[in-house]
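As structure tokens, the structure follows; a few thoughts come after it.
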Amino acid sequence: MTEQGETFGTRAAGTAADFLRSRVGRTGAPIAIVLGSGLGGLAERIESPTRVPFREIPGFPESTVVGHAGALIIGNLGGKAVLALAGRFHVYEGHDARLAGFPVRVLHALGARTLIVSNAAGGVNRLWQPGDLMLIRDHINLTFRNPLIGAVEEGDLRFPDMSEPYDSSLADLAHRVAAEQGITLRDGVYAGLLGPAYETPAEVRMLERLGADAVGMSTVPEVIVARARGMRVLGISCITNMACGISSSPLSHAEVLETTQRVGQKFAGLVSGIVAAI
Ligand code: HPA
């Protein structure tokens with residue numbers, strides 16, 4: 001990192017947004033979507049898309065994880081102008097938490113005021129099954145990192161309120177759309193861990209006692225930045241596997257991607273419906 005505030009901050013986000021506006025010939029969009037591991041299929045439903053690879057965007061390094069295409073897409077979904085990030089930056093890749101949250105600053109600079117975040121997650125709630133979709137009602141930041149560490153960015157608060165990280169009216173709307181589509185949508189708490197090793201069975205028992213329903217390695221830095229910018233957030237986890245110890249079988253990224261492939265259409269239909277109804 002260079003000087004605090006210059007990297008991954010408001011000014012850098014403005015530079016990236018200026019570049020993107022001139023590159024795509026559009027001003028931006030009010031709704032943005034972050035597509036989690038294996039959930040990039042939704043991008044195919046975006047009409048009149050323009051894709052900009054992450055590596056072309058000022059301030060973005062390349063995404064490294066299998067299943068992450070690494071592009072910002074602007075187009076229309078459900079009759080609305082949307083921005084989508086296919087891929088994201090994880091702290092386990094060696095990135096600073098500030099970089100993990102930086103794409104959200106860029107989305108905000110492009111006019112996004114509603115953020116839909118998605119991820120693949122392990123199921124901690126024993127009543128659930130792989131393939132279930134969970135509305136994130138709250139999260140527990142067990143990464144012990146925060147993307148707001150450092151000088152206060154222009155437009156941020158030093159101590160942003162986190163009493164409603166996930167917007168309750170958007171959650172109600174998501175439930176309405178899910179019911180219309182005949183989709184069972186769970187409600188739960190997402191525990192965000194650093195990774196990249198999956199959890200041990202003892203750690204999963206701990207998460208259960210802490211009140212977590214699902215566990216993953218992303219999303220939390222993005223939501224913290226979104227709230228610091230005053231964006232409304234909706235979060236959806238795709239439960240790709242039961243967390244270690246709840247299921248006795250060893251865990252692999254292949255299993256995670258296999259489940260996202262199986263439920264990708266259900267997820268894409270739900271998110272498209274939500275965007276249309278916003
Ligand atoms: N743990 C952490 N992250 C995950 C998991 C898991 O079980 N499944 C998908 N992402």
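Ligands are counted one by one from 1 in listed order, and the atoms in each one are counted from 1 as well. Quick caveat, the model's predicted, so the values are computed rather than measured.
- At a 3.5 angstrom cut-off on N or O pairs, N241 counts as close to ligand 1.
- Defined by atom type and a distance below 3.5 Å, a donor-acceptor pair is missing between the side-chain atoms of T7 and R98.
- At the top of the distance list for atom 9 (C) of ligand 1, counting protein heavy atoms only, stands T240 OG1, 3.4 Å.
- Residues E56 and R23 are in side-chain contact: their nearest non-hydrogen atoms beyond the backbone lie under 4.5 Å apart.
- Of the protein's non-hydrogen atoms, the one nearest atom 1 (N) of ligand 1 is E199 OE1, 2.8 Å.
- Annotation: atom 10 (N) of ligand 1 to nearest protein heavy atom, A120 O, 3.4 Å.
- Of the protein's non-hydrogen atoms, G122 N, 3.3 Å is the one closest to atom 5 (C) of ligand 1.
- Between the side chains of Q181 and R176, no donor N or O sits under 3.5 Å from an acceptor N or O.
- Note on W128 and V263: separate hydrophobic clusters, where clusters join Ile, Leu, Val, Met, Phe, Trp and Tyr whose side-chain heavy atoms are under 4.5 Å apart, directly or indirectly.
- By the criterion of a heavy-atom distance under 4.0 Å, neither the backbone nor the side chain of L193 is placed next to ligand 1.
- For atom 3 (N) of ligand 1, the closest non-hydrogen atom of the protein is G216 CA, 3.4 Å.
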Stepwise, does the ring pair (Phe, Tyr, Trp, His ring centres under 6.0 Å) test hold for F89 with H95?
CA-CA 7 Å; F89 302 116; H95 300 309; 5.5 Å; yes

